[in-house]
Asker: 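I'd like to ask you about the structure that follows.
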Amino acid sequence: MPELPEVESFGKYLDKTSLNKKIESVDVKSPELLQNIDISALKGNLEGNKFQFTKRHGKYLFVYLDNKNCLILHFGMTGNLKYYKKSEEEPSYGRFLVNFEDKSHLAFVDPRKFGKINLISKMEDFIKEKKLGPDAARMDFKSFIDIFKKRKGAIKPALMNQHIFAGIGNIYSDEILFQTCVHPKTPVNKLSDDKLKEIFMVTKEVLETAIDRNLKHEELPDSYIIPNRVKNGKCPNSDVKLETLKVGGRTAYFCPECQKEIL
DNA sequence: CGTGGCTCCTGGCGGC
DNA sequence: TGCCGCCAGGAGCCAC
């Protein structure tokens with residue numbers, strides 16, 4: 001699930017449910033998710049304090065505490081947040097539970113345990129340490145063009161590379177390439193300036209649309225490839241059967257008619 | 001620099 | 001039904 005638009009939604013969900021409540025206790029059920037901190041230090045930072053506000057960078061959610069430190073959540077492939085009021089509603093695969101004084105709870109749910117939890121005092125330090133590029137929803141055209149003009153490899157892995165721009169993953173990169181009629185293996189240096197500009201514009205638009213629809217719990221537009229990104233799925237424009245390819249180790253779905261390979 | 005392969009972990013699905 | 005292999009919206013590491 002969690003690429004940039006989903007993480008944006010998780011942030012809004014946390015804002016809506018869990019800010020300014022005193023944290024009574026914390027249950028770390030899967031300590032292996034903790035990266036730069038141990039259980040007691042995490043408890044020491046959270047217990048007795050409150051979540052104040054959230055920020056997002058790429059696929060990371062930064063949850064600021066009133067002690068100025070910041071809890072950092074990464075959702076891996078299957079991470080999610082679940083707020084609930086009664087302990088019998090505790091979800092399966094809750095790896096990390098925050099128990100508030102008002103007896104409600106926020107669970108970090110993650111069946112596959114690819115999620116990661118960090119605690120740090122400065123968001124900027126973390127971004128630097130992880131070498132994350134600018135957030136894809138906030139990138140500007142000039143930096144986009146400067147970076148992509150120098151690239152040589154395939155476009156899809158470049159879009160997914162968190163060191164270039166952060167937030168785009170396998171699913172949304174497929175959408176961006178579908179909307180711009182670009183084959184996922186196209187080398188970046190074979191794309192015209194106009195095409196690069198189009199990719200930039202469409203990236204912004206796709207991310208904004210997905211964020212908007214996520215928040216409203218609405219489906220993506222019918223013209224999108226994502227809802228058709230299933231076995232035997234068809235191109236929403238032509239009814240042609242979608243094909244798959246391994247690109248950068250991930251499965252790309254694309255329309256062989258709309259997205260011709262440039263050789 | 002860029003790519004491909006492997007790893008972490010768990011559940012769901014299709015095939016035999 | 002049971003078992004097996006494969007796949008899954010992430011990302012770090014290593015070898016070429």
Side-chain angles (χ1 to χ4, degrees), chain A residues 1-10 28-36 56-61 72-81 91-96 107-118 126-133 135-137 146-179 183-191 203 206-207 209-211 213-214 219-220 224-233 242-254:
Chain A
M1 251 213 235
E3 294 181 34
L4 186 155
E6 290 75 30
V7 177
E8 180 77 19
S9 300
F10 298 160
V28 181
K29 302 211 161 193
S30 300
E32 61 270 35
L33 300 198
L34 304 187
Q35 300 294 297
N36 69 346
R56 185 192 55 69
H57 188 100
K59 302 175 192 172
Y60 288 89
L61 186 64
I72 306 174
L73 303 178
H74 189 282
F75 296 90
M77 302 254 278
T78 55
N80 206 339
L81 293 178
S92 304
Y93 313 111
R95 305 303 186 189
F96 168 62
F108 182 90
V109 178
D110 184 15
R112 277 175 81 183
K113 297 202 275 193
F114 283 169
K116 291 179 173 57
I117 296 168
N118 280 270
F126 184 81
I127 291 169
K128 210 173 283 179
E129 183 198 316
K130 294 284 175 189
K131 301 186 169 62
L132 295 177
D135 183 81
D146 284 351
I147 292 169
F148 274 73
K149 289 288 270 180
K150 292 183 204 144
R151 287 242 132 206
K152 288 192 176 146
I155 179 72
K156 183 176 166 74
L159 286 173
M160 293 197 300
N161 187 334
Q162 304 300 299
H163 303 311
I164 304 178
F165 291 106
I168 300 166
N170 197 26
I171 290 284
Y172 287 99
S173 60
D174 276 359
E175 191 62 58
I176 292 159
L177 296 174
F178 174 70
Q179 304 257 336
H183 188 281
K185 282 198 170 167
T186 310
V188 177
N189 59 356
K190 295 222 172 167
L191 294 164
T203 298
V206 164
L207 294 175
T209 302
I211 288 170
R213 302 279 173 127
N214 260 335
E219 304 289 315
L220 288 169
Y224 273 39
I225 197 176
I226 292 174
N228 306 288
R229 210 181 163 286
V230 290
K231 204 160 183 261
N232 296 318
L242 297 179
E243 292 182 4
T244 61
L245 258 184
K246 287 279 179 203
V247 189
R250 313 297 301 280
T251 302
Y253 280 73
F254 68 103

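Quick note: numbers below take in every heavy atom, side chains included, and nothing from hydrogens, waters or symmetry partners. Per chain, numbering begins at 1; letters A, B, ... match sequence-line order. Fair warning: this is a prediction, and the values are worked out from it, not measured in the lab.
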Asker: Between P on C:dA11 and CG on A:Leu33, what's the gap in Å once rounded to a whole number?
Answerer: 15 Å
Asker: 5'-most contact on DNA chain C: A:Arg229 or A:His163, nearest heavy atom basis?
Answerer: A:Arg229
Asker: Which heavy-atom pair separates A:Lys156 from A:Ser173 by the least distance, and what is that distance?
Answerer: NZ-OG, 2.8 Å
Asker: Could you state the CZ-C1' distance from A:Phe114 to C:dG9, rounded to the nearest angstrom?
Answerer: 12 Å
Asker: Return whichever of A:Lys185 or A:Lys231 has its heavy-atom-nearest nucleotide of DNA chain B closer to the 5' end.
Answerer: A:Lys185
Asker: With rounding to the closest Å, how many angstrom separate the P atoms on B:dG5 and C:dC6?
Answerer: 15 Å
Asker: Just to confirm, is there a sub-4.0 Å distance from OP1 or OP2 of C:dA11 to any side-chain nitrogen or oxygen of A:Lys59?
Answerer: yes
Asker: Between A:His74 and C:dG10, does any side-chain N or O lie under 4.0 Å from OP1 or OP2?
Answerer: no
Asker: What's the CD1-C1' distance between A:Ile168 and C:dG10, to the nearest Å?
Answerer: 14 Å
Asker: For A:Tyr253 and C:dC7, give me the distance from atom OH to atom C1', rounded to whole Å.
Answerer: 9 Å
Asker: Less than 4.5 Å apart, side chain to side chain, heavy atoms only: is that true for A:Tyr224 and A:Gln179?
Answerer: yes
Asker: Send over the distance from A:Phe148 CZ to B:dC1 C1', rounded to a whole Å.
Answerer: 15 Å
Asker: Output the rounded distance in Å from CG (A:Asn232) to P (C:dC7).
Answerer: 15 Å
Asker: The side chain of A:Arg95 is closest to which nucleotide in this list: B:dT3, B:dT10, C:dG9?
Answerer: B:dT10
Asker: What's A:Gly249 touching, base or sugar-phosphate or nothing? Going by heavy atoms closer than 4.0 Å.
Answerer: nothing
Asker: Quick check: any donor-acceptor pair below 3.5 Å linking the side-chain of A:Glu6 to the base of C:dG9?
Answerer: yes
Asker: Under 4.0 Å: is that the gap between some side-chain N or O of A:Arg112 and OP1 or OP2 of B:dC8?
Answerer: no
Asker: Checking A:Asn118 side chain against A:Gln35 main chain: does a donor-acceptor pair fall under 3.5 Å?
Answerer: no
Asker: B:dG5 pairs with which nucleotide, Watson-Crick or G-U wobble, both distances below 3.5 Å?
Answerer: C:dC13
Asker: Would you indicate what A:Tyr93 reaches in the nucleic acid, counting non-hydrogen atoms under 4.0 angstrom: base, sugar-phosphate, or nothing?
Answerer: sugar-phosphate
Asker: Kindly say if A:Lys113 contacts the phosphate of B:dT10, meaning a side-chain N or O under 4.0 Å from OP1 or OP2.
Answerer: yes
Asker: I'd like to know if the side chain of A:Arg95 reaches the main chain of A:Asp110, judged simply by a donor and an acceptor atom lying under 3.5 Å from each other, with no hydrogens or angles considered.
Answerer: yes
Asker: As an exercise, state the distance from CD of A:Glu32 to NZ of A:Lys113, rounded to the nearest 0.5 Å.
Answerer: 4.0 Å
Asker: Between C:dC7 and A:Lys246, is there an OP1 or OP2 to side-chain N/O distance shorter than 4.0 Å?
Answerer: no
Asker: Report the base-pairing partner of B:dG11 (Watson-Crick or G-U wobble, both distances below 3.5 angstrom), or none.
Answerer: C:dC7
Asker: Is there side-chain contact between A:Tyr60 and A:Ile127, with heavy atoms separated by less than 4.5 Å?
Answerer: no
Asker: Does a side-chain N or O from A:Thr251 land closer than 4.0 Å to OP1 or OP2 of C:dA8, or not?
Answerer: yes
Asker: Side chain of A:Ala154 only, please: which of C:dG12, B:dT3, C:dG10 is the nearest?
Answerer: B:dT3
Asker: Could you tell me how far apart A:Gln35 (CD) and C:dA11 (P) are, to the nearest whole angstrom?
Answerer: 12 Å
Asker: Using atom CD1 of A:Ile226 as one end and atom P of C:dA8 as the other, report the distance to the nearest whole Å.
Answerer: 15 Å
Asker: Using a heavy-atom cut-off of under 4.0 Å over every strand shown, decide if A:Glu32 touches base, sugar-phosphate, or nothing.
Answerer: nothing
